[in-house]
A.B. asks: 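Please find one structure pasted underneath; my questions will follow.
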Amino acid sequence: MNNLFLKLKNLPLFLSAAFFFTAGTLIIINLITLIPSKQISALNEGFNSAITALFAFTACVMINWMATKNTKKAVAAGYCVLLFDAVLFTLCAVHISFILSIVLSLLLLFFFEKYNLLPAFCISALISFSAALVIGLSYDLLFSLLKSLCDILKGRGALFGAVSNVYSLLFSENLSKLFYHKDYSGTAFVNSKVVSGVIDVFKVQKVAGLNVSKYLSGKYFVNIFVSTGLFLLLYQKLEKEMKTAFVLCFALAFLFGDVRLLALFVLVYNPIMYFGYLLLIIVSYLTAYFLDIRIAFLKAGSLFELFKYIEKPVYFIITGLVIMVLTYFIESLILSKFDFHSKSFLPRNVKKLIDALGGRKNIEKLTDNMLYVKNPNLINILNIDCDIKGNAITLHSDELELIKEYV
């Protein structure tokens, strides 16, 4: 359990390369798609659909390599994730999701840590193939449940914004597509034809109706101002590798309106902060609706589309700055209470371990395989399994790693 805690705590560092390569690739593709061309637009759609496969492979390789320090095992684990994605896409034309790729990577790590390369690979490949087969064959049922969810969200723009963000991480297909291009967000009768979906209606009419303020405009506040508030708060707190990846995720959200990787980064860095992020999404969509700010988009709500379709710019900027400050304040408050990456924050199992050693002040120094205390008589031998030789204490390797993390 202690070893698992350390892996989860180090997930943002383990996944830095995955965030870096995926966000970097998406930025390049989005820059190319600024060139007006149907072929390039199709390329962008294909990449946006398959980008989770790139993230999944890189994430699995890095998680397994950081834990095992074995390149062959890391690549083999990555291949198993690609196998899962290939089977799933063959069955239902859906790619693996961001969250599922991390969960699967951690599951495969258990086998690659425990067994040699060949048996670990065989077990992992079988698990990946079987899991993809089950999910792929039950996709029609899952899609019918998605339609039921859409019926619940219909007319509730703020709730749609938050749920859509969660859904895009849990499943590779984005819930928002059904609102953007189906009648869940409204219809219009244009040129003797019924047009469904808020984006399609705007595209045909070129008029930003009330549903634009309900389902679209709030996304601009999230893309630009909520993202900026998070950036200002977290940038100085991150280590170098994580910082570079975070900058690319932020740039992707700020410039091109793709907040998936930024949201995922927040989730793996601090899950409590992610709940605050969802609250701020709801606030953003509600604000756009109540102020009747109607800024539409045809793709993802990029900065380039903002300048093209902006309405009430003064209201938008002032309100956005307020939301940015609110983001910084709320997320700072959460971090002050739940900073899992600060050494001042002690999980319950770590606190219990340190108390059994006589408290932090009793710990004198640490080496690679030994801990030294000032007074061995303060150690509670009933609550800790250790060998005591004078001031030198021999602990279980997992417990020693935990002490190193927090003392």
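We're numbering straight along the sequence, starting at 1.
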A.B. asks: When you measure from the centre of the six-membered ring of Y372, is the NZ or CZ of K365 under 6.0 Å away and within 45° of the axis?
C.D. replies: yes

A.B. asks: Can you name the nearest heavy-atom pair linking K299 to E305, along with the distance?
C.D. replies: N-OE2, 3.1 Å

A.B. asks: Is I293 close to S213 at the side-chain level, that is, under 4.5 Å between some pair of heavy atoms?
C.D. replies: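 No, side chains not in contact.
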
A.B. asks: Determine whether more than 12 heavy atoms belonging to other residues, nucleotides or ligands lie under 6.0 Å from atom OH of Y79.
C.D. replies: no

A.B. asks: Output yes when a side-chain donor or acceptor of N391 lies under 3.5 Å from a complementary backbone atom of V373, and no otherwise.
C.D. replies: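 Indeed, once roles are kept as given, a pair shorter than 3.5 Å links the two residues.
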
A.B. asks: I'd like to know if the side chain of S164 and the backbone of G161 have a donor-acceptor N/O pair within less than 3.5 Å.
C.D. replies: no

A.B. asks: Looking at N362 and N375, would you say the former's side chain and the latter's main chain have a donor-acceptor pair under 3.5 Å?
C.D. replies: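 Answer holds: yes.
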
A.B. asks: Let me confirm one number: the OG1-CG distance from T52 to L169, rounded to the nearest 0.5 Å.
C.D. replies: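 The distance works out to 11.0 Å.
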
A.B. asks: Got a donor-acceptor contact below 3.5 angstrom from the T22 side chain to the L261 backbone?
C.D. replies: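 Flag not set: sc T22 to bb L261 has no pair under 3.5 Å.
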
A.B. asks: Does any part of the side chain of V195, heavy atoms only, come nearer than 4.5 Å to the side chain of T187, both counted from C-beta?
C.D. replies: no

A.B. asks: Do other residues, nucleotides or ligands put more than 12 heavy atoms under 6.0 Å from K193 NZ?
C.D. replies: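 For K193, atom NZ is not crowded (no more than 12 foreign heavy atoms under 6.0 Å).
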
A.B. asks: Mind checking the OG-CZ spacing from S172 to R260? Nearest 0.5 Å is all I need.
C.D. replies: 9.0 Å

A.B. asks: In terms of ring plane angle, is the pair F254 and F250 parallel, tilted or perpendicular, where the classes change at 30° and 60°?
C.D. replies: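 Ring orientation, 0 to 90° scale: tilted.
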
A.B. asks: For F21 and L54, which heavy atoms make the closest approach, and how far apart are they?
C.D. replies: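 Nearest heavy atoms, F21 then L54: O-CD2, 4.2 Å.
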
A.B. asks: More than 12 heavy atoms of other residues, nucleotides or ligands under 6.0 Å from NZ of K206: yes or no?
C.D. replies: yes

A.B. asks: With a sphere of 6.0 Å drawn around CZ of F20, does it hold more than 12 non-hydrogen atoms of other residues, nucleotides or ligands?
C.D. replies: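 Atom CZ in F20 is not crowded, with 12 or fewer foreign heavy atoms closer than 6.0 Å.
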
A.B. asks: Would a distance-only check, ignoring hydrogens and angles, find a side-chain to backbone donor-acceptor pair under 3.5 Å from S124 to F121?
C.D. replies: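 No: the side chain of S124 does not pair with the backbone of F121.
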
A.B. asks: Between N165 and Y274, do the side chains contain an N or O donor and an N or O acceptor separated by less than 3.5 Å?
C.D. replies: yes

A.B. asks: Would you call V201 and N211 a side-chain contact if the rule is heavy atoms closer than 4.5 Å?
C.D. replies: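 A side-chain contact is absent here, since even the closest heavy-atom pair is not under 4.5 Å.
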
A.B. asks: With no hydrogens and no angle check, is any side-chain donor or acceptor of E311 less than 3.5 Å from a backbone partner on R294?
C.D. replies: yes

A.B. asks: Report yes if some heavy atom in the side chain of K147 is under 4.5 Å from a heavy atom in the side chain of Y184; otherwise report no.
C.D. replies: yes

A.B. asks: Apply ring-ring contact (aromatic ring centres under 6.0 Å, His included) to F129 and F84, showing your working.
C.D. replies: CA-CA 6 Å; F129 181 86; F84 178 99; over 10 Å; no

A.B. asks: On the 0 to 90° scale, with breaks at 30° and 60°, tag the Y115-F111 ring pair as parallel, tilted or perpendicular.
C.D. replies: parallel

A.B. asks: Pick from F225, F307, Y309: which one makes a ring pair (Phe, Tyr, Trp, His ring centres under 6.0 Å) with F316?
C.D. replies: F225

A.B. asks: Between V259 and Y277, what is the shortest heavy-atom contact and its length?
C.D. replies: CB-OH, 3.7 Å

A.B. asks: Atom CG in N270, atom CG in L234: separation rounded to 0.5 Å?
C.D. replies: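 Between N270 CG and L234 CG, I get 8.5 Å after rounding to 0.5 Å.
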
A.B. asks: So, taking the atom named NZ in K337 and the one named CD1 in I334, what distance separates them when rounded to the nearest 0.5 Å?
C.D. replies: 12.0 Å

A.B. asks: Looking at S105 and A56, what are the two nearest heavy atoms and their distance?
C.D. replies: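 Scanning both residues, the minimum pair turns out to be OG-O, 4.3 Å.
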
A.B. asks: Between N116 and L118, is there a donor-acceptor pair closer than 3.5 Å when you use the side chain of the first and the backbone of the second?
C.D. replies: no

A.B. asks: Answer yes or no: is there a donor N or O on one side and an acceptor on the other, between the side chain of E331 and the main chain of Y328, under 3.5 Å?
C.D. replies: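 Absent.
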
A.B. asks: Passes ring-ring contact (aromatic ring centres under 6.0 Å, His included), Y235 versus F246? Steps please.
C.D. replies: CA-CA 8 Å; Y235 182 76; F246 180 63; 7.5 Å; no

A.B. asks: Using only atom types and a distance under 3.5 Å, with no angle test, would you say the side chain of S138 pairs donor to acceptor with the backbone of I135?
C.D. replies: yes

A.B. asks: Give a yes or no on whether the backbone of A125 and the side-chain of S128 come within a donor-acceptor separation of less than 3.5 Å.
C.D. replies: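 A pair under 3.5 Å: no.
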
A.B. asks: Look at the rings of F297 and Y180 and say which category their plane angle falls in: under 30° parallel, 30 to 60° tilted, over 60° perpendicular.
C.D. replies: perpendicular

A.B. asks: In terms of heavy-atom contacts, does NZ of K243 have more than 12 from other residues, nucleotides or ligands at under 6.0 Å?
C.D. replies: yes

A.B. asks: Using side-chain heavy atoms (C-beta onward) and a distance below 4.5 Å, is V212 in contact with I295?
C.D. replies: no

A.B. asks: Do N223 and L255 have side-chain heavy atoms sitting under 4.5 Å apart?
C.D. replies: no

A.B. asks: So do F55 and L264 actually touch side chain to side chain, heavy atoms under 4.5 Å?
C.D. replies: yes

A.B. asks: Output the distance between atom CG (L159) and atom CG (L278), rounded to the nearest 0.5 Å.
C.D. replies: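 The CG atom of L159 sits 10.5 Å away from the CG atom of L278.
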
A.B. asks: Looking only at heavy atoms, which two atoms of L109 and N64 are closest? And how far apart?
C.D. replies: CA-OD1, 3.4 Å

A.B. asks: Are the side chains of L233 and L335 in contact, using a 4.5 Å heavy-atom criterion?
C.D. replies: yes

A.B. asks: Kindly indicate whether a cation-pi arrangement holds for K219 with Y285, taking the cut-offs as under 6.0 Å to the six-membered ring centre and within 45° of the axis.
C.D. replies: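 No - K219 does not lie over the ring of Y285 by the 6.0 Å and 45° rule.
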
A.B. asks: Count the heavy atoms belonging to other residues, nucleotides or ligands that lie under 6.0 Å from NZ of K182, then report whether that count exceeds 12.
C.D. replies: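 No, because the 6.0 Å sphere around NZ of K182 holds 12 heavy atoms or fewer from other groups.
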
A.B. asks: Could you pull out the closest heavy-atom pair between I96 and S101, with the gap in Å?
C.D. replies: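 It is CD1-CA, 3.7 Å.
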
A.B. asks: If you round to the nearest 0.5 Å, how far is CZ of F179 from NZ of K214?
C.D. replies: 10.5 Å

